[in-house]
Novice: 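Please see the structure below; I have some questions.
Reminder, nothing fancy here: chain letters follow the sequence lines and each chain counts from 1.
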Protein chains: 2
Amino acid sequence: MAVAGQEMDQKQAVMEKPQAAPRPGGRAARIQAAVFKAVDELKQAGEELTVPGIAARAGVTPSTIYRRWGTLTDLLSDVAVRQLRPDGEPRDSGDWRADLKGWLEQYAEEMASDPGRAMMRDVLSSDRPENACTCAVYTGRQLDIIRERALARGETPPDTRTIMDRVVAPVIYRILFTHEGADGDYAAGLVEGLLGEGAPQPPACWQELSPHSLGG
Amino acid sequence: MAVAGQEMDQKQAVMEKPQAAPRPGGRAARIQAAVFKAVDELKQAGEELTVPGIAARAGVTPSTIYRRWGTLTDLLSDVAVRQLRPDGEPRDSGDWRADLKGWLEQYAEEMASDPGRAMMRDVLSSDRPENACTCAVYTGRQLDIIRERALARGETPPDTRTIMDRVVAPVIYRILFTHEGADGDYAAGLVEGLLGEGAPQPPACWQELSPHSLGG
DNA sequence: CTCTAAAAGCAAATATTTTGCTTTAGTGGG
DNA sequence: CCCACTAAAGCAAAATATTTGCTTTTAGAG
């Protein structure tokens, strides 16, 4: 029983448990795919999304899910990041401002939609900071693309961090915290304001506090 | 049994079920307080926060909690908003930039702390948009105070919406999505950049995608 | 081909959530 | 002040979900 102690230690030192992608191509991957698909389908169907339900649909036993993901929340978080991955590059219109406006408008619309909100919530609800971070990385990459093209054309776009701060962050904040959409005008206004002054639309939600549960 | 139909209808038309504060001052309020206190205490103690556990500590039956709040998530959301209520006014230093920097630095630190993150997560995880909205309102009010004072002194601060977009949103986005803190320099940089150009610190988190669950 | 270890299946044990019914506590009318 | 009424709490049984110990399968290494 105590045969290969040192070798074990070496192995453990090297291994870095990559959460949910152990032996790529094998059974693990198949099951992961089945589970993700099951979640997608149940979401589509408007079903209730319970672990037993997902397991049944995936043809898998619940304990498999519990052991791999821990909680429903974490599973949904993983599913959401996957769905948030951008499917293509931002359109190239020959001008970075236009590119950015176009991209942002679509991005804002997606994120403000009910499924978009749900995905963000799922990502943020789990205790997996990597997932939230991945979302930001995806966004940053899209912006980088717009930016690289601009630089190649000799334009001088602000750096990605600035765009995140000035344009992405306000849109997301608005969606998450004010329950307002972030419509085209608002988005365009943010882009206009990117360099120098800019104060577009007024807010709305913060007129009245819900008395709700604030009593004490 | 069908005696007072019309009167019933009138009553129902007037009532607007205010989620969790029904007959103020009575039993309902006492129980709400007991439950909130129980949650606080268990959080303090680092306990696990289950509905049965909270119910036990509050001296209440679990079904009471389930019927009033629906889910643990919603209860925690309510608790979190209460804790996020600001305890005082921002300091008055005689200059709005300084006020804002001071306030923001403290705000960012609070929100970036583990309890702060947990509270934001709790608020955003529930399907109670009012709660998230309330957070934004609280923040807006603090900013309004700084701003009103500035106006009274004859200064010309940007409007609250702009401050939210340019200063609050980036800080929160950073905390939620990049798992970085938002330190004093970063915050100060945002305030400096409020009018005109400004591009402080570099990011960090978005160097590498976690391979985790992005396989397919 | 065999051996090993990680991961899946299975089923029993726990824990949680939901639900129907009963009891209690505020509220308004007499 | 007492009574009737209603909303909410308590209780306990039923339904669900989660955890856990053990067995079986499977992919990969020798």
Novice: Report the residues that fulfil side chain to side chain donor-acceptor pair (under 3.5 Å) with A/Gln142, sequence neighbours left out, ordered by chain and then residue number.
Specialist: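 Testing A/Gln142 for side chain to side chain donor-acceptor pair (under 3.5 Å), a comparison that skips the adjacent residues, returns none.
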
Novice: Atom CD1 of A/Ile65 and atom C1' of C/dC10: how far apart are they, to the nearest Å?
Specialist: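 Atom-to-atom, A/Ile65 to C/dC10, this comes out as 15 Å.
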
Novice: Any side-chain N or O of B/Arg68 less than 4.0 Å from the OP1 or OP2 oxygen of D/dA8?
Specialist: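 It does not, given that no N or O in the side chain of B/Arg68 lies less than 4.0 Å from OP1 or OP2 of D/dA8.
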
Novice: How far does the helix from C/dC1-D/dG30 to C/dG30-D/dC1 bend, going by the axes of its first and last five pairs, to the nearest 10°?
Specialist: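 Roughly 30°, once rounded to the nearest ten degrees.
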
Novice: Determine: side-chain N/O of B/Arg30 to OP1/OP2 of C/dG26, distance under 4.0 Å, yes or no.
Specialist: yes

Novice: State which residues pass side chain to side chain contact (heavy atoms under 4.5 Å, CB included) with A/Arg117; sequence neighbours excluded, sorted by chain then number.
Specialist: A/Ala112, A/Asp114, A/Ile175, A/His179

Novice: Mind checking salt bridge (Lys or Arg N to Asp or Glu O under 4.0 Å) for B/Glu41 and listing every partner two or more places apart, or none if nothing turns up?
Specialist: B/Lys37, B/Arg57

Novice: Can you check the A/Ile31 CD1 to D/dT24 P distance for me, whole Å?
Specialist: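 Going from CD1 in A/Ile31 over to P in D/dT24 covers 18 Å.
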
Novice: State which residues pass side chain to side chain contact (heavy atoms under 4.5 Å, CB included) with A/Leu76; sequence neighbours excluded, sorted by chain then number.
Specialist: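 Per chain and number, A/Leu76 pairs via side chain to side chain contact (heavy atoms under 4.5 Å, CB included) with A/Val39, A/Leu49, A/Leu72, A/Asp122.
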
Novice: A/Asp127: which residues meet the side chain to side chain donor-acceptor pair (under 3.5 Å) condition with it, sequence neighbours left out?
Specialist: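 Scan of A/Asp127 (side chain to side chain donor-acceptor pair (under 3.5 Å), adjacent residues dropped) gives none.
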
Novice: Rounded to the nearest Å, what distance is computed from the CZ atom of residue B/Arg27 to the P atom of nucleotide D/dA8?
Specialist: 9 Å

Novice: Side chain to side chain contact (heavy atoms under 4.5 Å, CB included) with B/Glu47: which residues, sequence neighbours excluded?
Specialist: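 Only B/Leu42, B/Ala45 meet the side chain to side chain contact (heavy atoms under 4.5 Å, CB included) criterion with B/Glu47.
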
Novice: Taking only N/O atoms, report every protein-nucleotides 19-21 of chain C pair under 3.5 Å with atom names and distance.
Specialist:
unit_1, atom_1, unit_2, atom_2, d
C/dG20, O6, B/Arg67, NH2, 2.4
C/dC21, N4, B/Arg67, NH2, 3.4

Novice: With a non-hydrogen cut-off below 4.0 angstrom, is A/Leu72 in contact with a base, only sugar-phosphate, or nothing?
Specialist: nothing

Novice: Counting only heavy atoms and a strict 4.0 angstrom limit, can you tell me which residues of residues 42-62 of chain A come near DNA chain D?
Specialist: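 The answer is A/Thr50, A/Val51, A/Pro52.
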
Novice: Please confirm whether B/Arg82 makes a cation-pi placement over B/Phe36, using NZ or CZ under 6.0 Å from the six-membered ring centre and within 45° of the ring normal.
Specialist: no

Novice: With sequence neighbours excluded, tell me which residues meet side chain to side chain donor-acceptor pair (under 3.5 Å) with A/Ser126.
Specialist: A/Ser77

Novice: For B/Arg147, enumerate each residue passing the side chain to side chain contact (heavy atoms under 4.5 Å, CB included) test, keeping only those at least two apart in sequence or located in another chain.
Specialist: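 Side chain to side chain contact (heavy atoms under 4.5 Å, CB included) list for B/Arg147, sorted by chain: B/Leu151, B/Pro157, B/Asp159, B/Thr160.
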
Novice: Measure the distance from CH2 on B/Trp69 to C1' on D/dA8 and round it to the nearest whole Å.
Specialist: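 My rounded result for the distance is 12 Å.
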
Novice: Please say which of A/Thr134, A/Asn131, A/Ile172 ends up in a side chain to side chain contact (heavy atoms under 4.5 Å, CB included) with B/Phe177.
Specialist: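 Of the listed residues A/Thr134, A/Asn131, A/Ile172, the side chain to side chain contact (heavy atoms under 4.5 Å, CB included) partner of B/Phe177 is A/Ile172.
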
Novice: Can you name the residues that form a salt bridge (Lys or Arg N to Asp or Glu O under 4.0 Å) with A/Asp92, not counting sequence neighbours?
Specialist: A/Arg149, A/Arg153

